[in-house]
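None of these values were measured; they are calculated from a predicted model.
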Amino acid sequence: MVSGGGTNLQALIDAQKSGLIHSGEIVLVASNNLQAYALKRAEENGIESVVMTDEEELIRVFQEKDIQLVVLAGFLKILSSRFIRAFEDRIINIHPSLIPSFCGKGCYGLHVHEKALDYGVKITGATVHYVNEIPDGGRIIAQKAVEIKEDDTPQTLQRRVMEEAEWVLLPRAVEQISEMIAKGEK
Ligand code: GRF
């Protein structure tokens with residue numbers, strides 16, 4: 001599920017092409033934003049996509065396609081508890097900080113890195129976690145640290161956290177969980 005540029009989706013597509021992701025397949029890209037460049041990335045890679053804001057409809061589409069794992073890759077809407085319950089323990093999210101720092105309501109995109117720089121932390125990073133009713137509150141799956149540099153701006157920091165942490169963590173987590181599902185361990 002995407003909302004914006006889709007660089008995390010691109011990391012997943014590249015990981016599927018390289019064979020890093022091999023226990024599952026990206027079968028659908030769902031966006032709540034018609035303008036999301038992530039939709040173009042899906043199209044360029046022959047992946048079916050839908051643009052939907054009605055979560056009831058989305059649940060039906062996902063169930064029709066027998067979706068086994070929902071990956072929030074730069075998805076900026078808070079999901080309803082109805083949606084979360086429909087895919088219990090099968091939704092993961094990538095957040096651009098080391099949770100529990102700089103997360104929760106209003107902490108998304110560039111704001112996360114602005115807060116980290118304002119606070120003056122020396123280390124930040126990214127977190128992959130399960131999604132529950134609390135924004136960024138689900139069980140942590142993996143984290144990766146990224147050093148903050150003296151001259152960092154929110155933009156340079158966001159880029160480095162994406163490159164060094166998000167785009168590494170998310171494909172690994174997707175493969176790890178897909179393998180558990182394929183083996184019936186989850
Ligand atoms: C970025 O802020 C990223 O840190 C977070 O979602 C936003 C967009 O990601 N995960 P993407 O390029 O759409 O994957």
Side-chain angles (χ1 to χ4, degrees), residues 1-96 103-105 107-109 126-142 162 166-167 169-186:
M1 294 179 76
V2 297
S3 298
T7 64
N8 281 285
L9 169 65
Q10 191 62 55
L12 295 173
I13 291 169
D14 296 346
Q16 185 168 274
K17 279 186 183 155
S18 71
L20 190 149
I21 292 177
H22 55 272
S23 301
E25 185 193 352
I26 306 168
V27 293
L28 182 69
V29 172
S31 179
N32 62 317
N33 169 12
L34 187 62
Q35 309 304 325
Y37 188 73
L39 292 167
K40 184 125 183 60
R41 296 180 193 270
E43 185 191 348
E44 282 167 358
N45 290 277
I47 301 168
E48 186 184 353
S49 63
V50 290
V51 179
M52 248 173 229
T53 49
D54 177 330
E55 284 187 12
E56 288 303 318
E57 209 181 329
L58 204 52
I59 292 173
R60 260 197 315 282
V61 168
F62 281 14
Q63 286 170 340
E64 271 158 31
K65 289 189 156 306
D66 192 25
I67 299 294
Q68 298 290 307
L69 180 62
V70 179
V71 182
L72 307 189
F75 185 69
L76 297 180
K77 242 183 87 183
I78 301 296
L79 291 166
S80 65
S81 48
R82 165 99 178 79
F83 187 98
I84 290 169
R85 279 200 310 276
F87 300 98
E88 192 74 48
D89 212 28
R90 291 295 183 88
I91 308 173
I92 65 173
N93 180 49
I94 176 85
H95 181 77
C103 67
K105 209 160 163 31
C107 267
Y108 58 89
T127 304
V128 184
H129 62 93
Y130 283 102
V131 171
N132 63 15
E133 272 84 350
I134 305 153
D136 300 324
R139 183 159 46 89
I140 288 176
I141 298 164
M162 284 174 158
E166 295 179 45
W167 300 342
L169 285 176
L170 194 57
R172 279 190 197 153
V174 165
E175 170 50 25
Q176 178 195 356
I177 297 168
S178 299
E179 189 181 32
M180 285 163 64
I181 293 171
K183 287 180 176 170
E185 293 164 2
K186 184 173 170 52

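No donor-acceptor contact under 3.5 angstrom links the side chains of Asn33 and Ser3, judged on distance only.
With sequence neighbours left out, the side chain to side chain contact (heavy atoms under 4.5 Å, CB included) criterion links Val51 to Leu34, Leu39. For the side chain to side chain contact (heavy atoms under 4.5 Å, CB included) test, residues two or more places apart in sequence or in another chain that qualify with Met180 are Glu185, Lys186. Qualifying side-chain hydrogen bond (donor to acceptor under 3.5 Å, both in side chains) partners for Ser80, counting only residues two or more places apart in sequence or in other chains: Glu55. Judged as a side-chain hydrogen bond (donor to acceptor under 3.5 Å, both in side chains), and not counting sequence neighbours, Ser31 has no contacts. In this structure Ser178 satisfies the side-chain hydrogen bond (donor to acceptor under 3.5 Å, both in side chains) test with no other residue, sequence neighbours excluded. With sequence neighbours excluded, the residues that form a side chain to side chain contact (heavy atoms under 4.5 Å, CB included) with Ala30 are Met1, Val50, Leu58, Phe62. Every residue was checked against the salt bridge (charged side-chain N to carboxylate O under 4.0 Å, His left out) condition with Glu57, not counting sequence neighbours, and none meets it. For Gln176, the side chain to side chain contact (heavy atoms under 4.5 Å, CB included) criterion is met by Ile141, not counting sequence neighbours. For Ser49, the side-chain hydrogen bond (donor to acceptor under 3.5 Å, both in side chains) criterion is met by no residue, not counting sequence neighbours.
A side-chain hydrogen bond (donor to acceptor under 3.5 Å, both in side chains) check over residues 12-26, counting only residues at least two apart or in different chains, returns the pairs Gln10-Asp14, Lys17-Asn45, His22-Glu175, Ser23-Glu175. Applying the salt bridge (charged side-chain N to carboxylate O under 4.0 Å, His left out) test to every pair with at least one member in residues 40-52, sequence neighbours left out, gives these pairs: Lys40-Glu44, Glu48-Lys65.
Using a 4.5 Å heavy-atom cutoff, the side chains of Tyr130 and Ile92 are in contact. Counting heavy atoms from C-beta on, the side chains of Phe87 and Ile59 come closer than 4.5 Å. Here the side chains of Leu79 and Val70 are not in contact, with every heavy-atom distance at 4.5 Å or above.
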Show the atom names and distances, to 0.1 Å, of all donor-acceptor pairs under 3.5 Å that link a side chain in residues 131-140 to residues at least two apart or in another chain.
unit_1, atom_1, unit_2, atom_2, d
Asn132, OD1, Ile134, N, 2.8
Asn132, ND2, Gly137, O, 3.4
Asp136, OD2, Gly104, N, 2.9

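Between Leu169 and Thr127, the closest heavy-atom pair is CD1-N, 4.2 Å.
Note that CD1 of Ile181 and CG of Leu69 are 5.0 Å apart. Values are rounded to the nearest 0.5 Å.
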